[in-house]
Amino acid sequence: MTVGKTYVVIGIEADHYRIINDSDMPCLYSPLQFEVVETEKPEFWVTEYGEDQEQYSYPKSWNKLGFFEDFHDGNSEVVSQFWAECAALYGISKSV
């Protein structure tokens with residue numbers, strides 16, 4: 001992560017922000033690490049709450065158990081789906 005750089009929150013998991021870091025990895029970060037400049041959540045997010053009222057918000061196709069585990073395990077189908085939807089929904093493409 002680069003200090004002073006603006007990042008897009010692509011989801012919220014257990015009240016942590018999922019952000020694509022400088023290494024093109026969608027990782028979780030504490031909200032305390034960031035200054036929020038836009039509070040409006042995308043309309044395409046599906047929001048659920050855990051038993052302790054922690055928030056989970058993602059695009060519907062990412063809001064399934066194991067999606068990001070599969071991404072980080074290198075599942076090529078999930079990785080391709082993620083980057084295609086990231087470009088379509090957020091205008092974010094993987095760095096070359």
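Residues take their numbers from the sequence shown, with the count starting at 1. Note that the coordinates shown come from a computational prediction; the quantities given were computed from them, not determined experimentally.
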(request) Assess whether atom NZ of K5 is packed by more than 12 heavy atoms of other residues, nucleotides or ligands within 6.0 Å. (result) yes
(request) Return yes if some donor-acceptor pair links the side-chain N/O of E85 with the main-chain N/O of F82 below 3.5 Å, else return no. (result) no
(request) Give a yes or no answer on whether the side chain of S23 reaches the backbone of M25 with a donor-acceptor pair at less than 3.5 Å. (result)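 The answer is no, because no donor-acceptor pair under 3.5 Å joins these two groups.
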(message) Does F67 form a side-chain contact (heavy atoms from CB on, under 4.5 Å) with V78? I'd like the steps, not just the answer.
(response) CA-CA 7 Å; F67 181 84; V78 171; 3.6 Å; yes
(message) Is there a path of hydrophobic side-chain contacts, each under 4.5 Å between heavy atoms of I/L/V/M/F/W/Y residues, joining V79 to L65?
(response) no
(request) Return each pair, listed once, that meets salt bridge (Lys or Arg N to Asp or Glu O under 4.0 Å) where at least one residue sits in residues 44-57; pairs must be two or more places apart or across chains. (result) none
(request) Return each pair, listed once, that meets side chain to side chain donor-acceptor pair (under 3.5 Å) where at least one residue sits in residues 66-77; pairs must be two or more places apart or across chains. (result) none
(request) Take the angle between the ring planes of F34 and Y29 and call it parallel below 30°, perpendicular above 60°, tilted in between. (result) perpendicular
(request) Specify the closest pair of heavy atoms between F71 and D24, including all atoms of both residues, with the distance to one decimal. (result) CZ-O, 4.5 Å
(request) Check S57 against W45 and note the closest heavy-atom contact, atom names and distance. (result) CB-CE3, 3.4 Å
(request) Taking side-chain contact (heavy atoms from CB on, under 4.5 Å) as the test, write out the residues that go with S93, two or more places apart. (result)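 Applying side-chain contact (heavy atoms from CB on, under 4.5 Å) to S93 gives A87.
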(request) Can you sort out the partners of W83 under side-chain hydrogen bond (donor to acceptor under 3.5 Å, both in side chains), two or more places apart, ordered by chain and number? (result)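 side-chain hydrogen bond (donor to acceptor under 3.5 Å, both in side chains) check on W83 returns nothing, list empty.
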(message) Suppose we screen for side-chain hydrogen bond (donor to acceptor under 3.5 Å, both in side chains). Which residues come up paired with Y49, at least two apart in sequence or across chains?
(response)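 Testing Y49 for side-chain hydrogen bond (donor to acceptor under 3.5 Å, both in side chains), a comparison that skips the adjacent residues, returns none.
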(request) Kindly compute the distance separating NZ (K41) from CD (E38), expressed to the nearest 0.5 Å. (result) 12.0 Å
Taking distance alone, no hydrogens or angles, what donor-acceptor pairs closer than 3.5 Å link side-chain atoms of residues 6-20 to residues at least two apart or in another chain?
residue	atom	partner	partner atom	Å
Y7	OH	T2	N	2.7
Y7	OH	D22	OD1	2.8
Y7	OH	D22	OD2	3.3
E13	OE1	R18	NH2	2.8
E13	OE1	Y58	OH	2.7
D15	OD1	Q55	N	2.8
H16	ND1	A14	O	3.2
R18	NE	Y58	OH	2.7
R18	NH1	P26	O	2.7
R18	NH2	Y58	OH	3.4

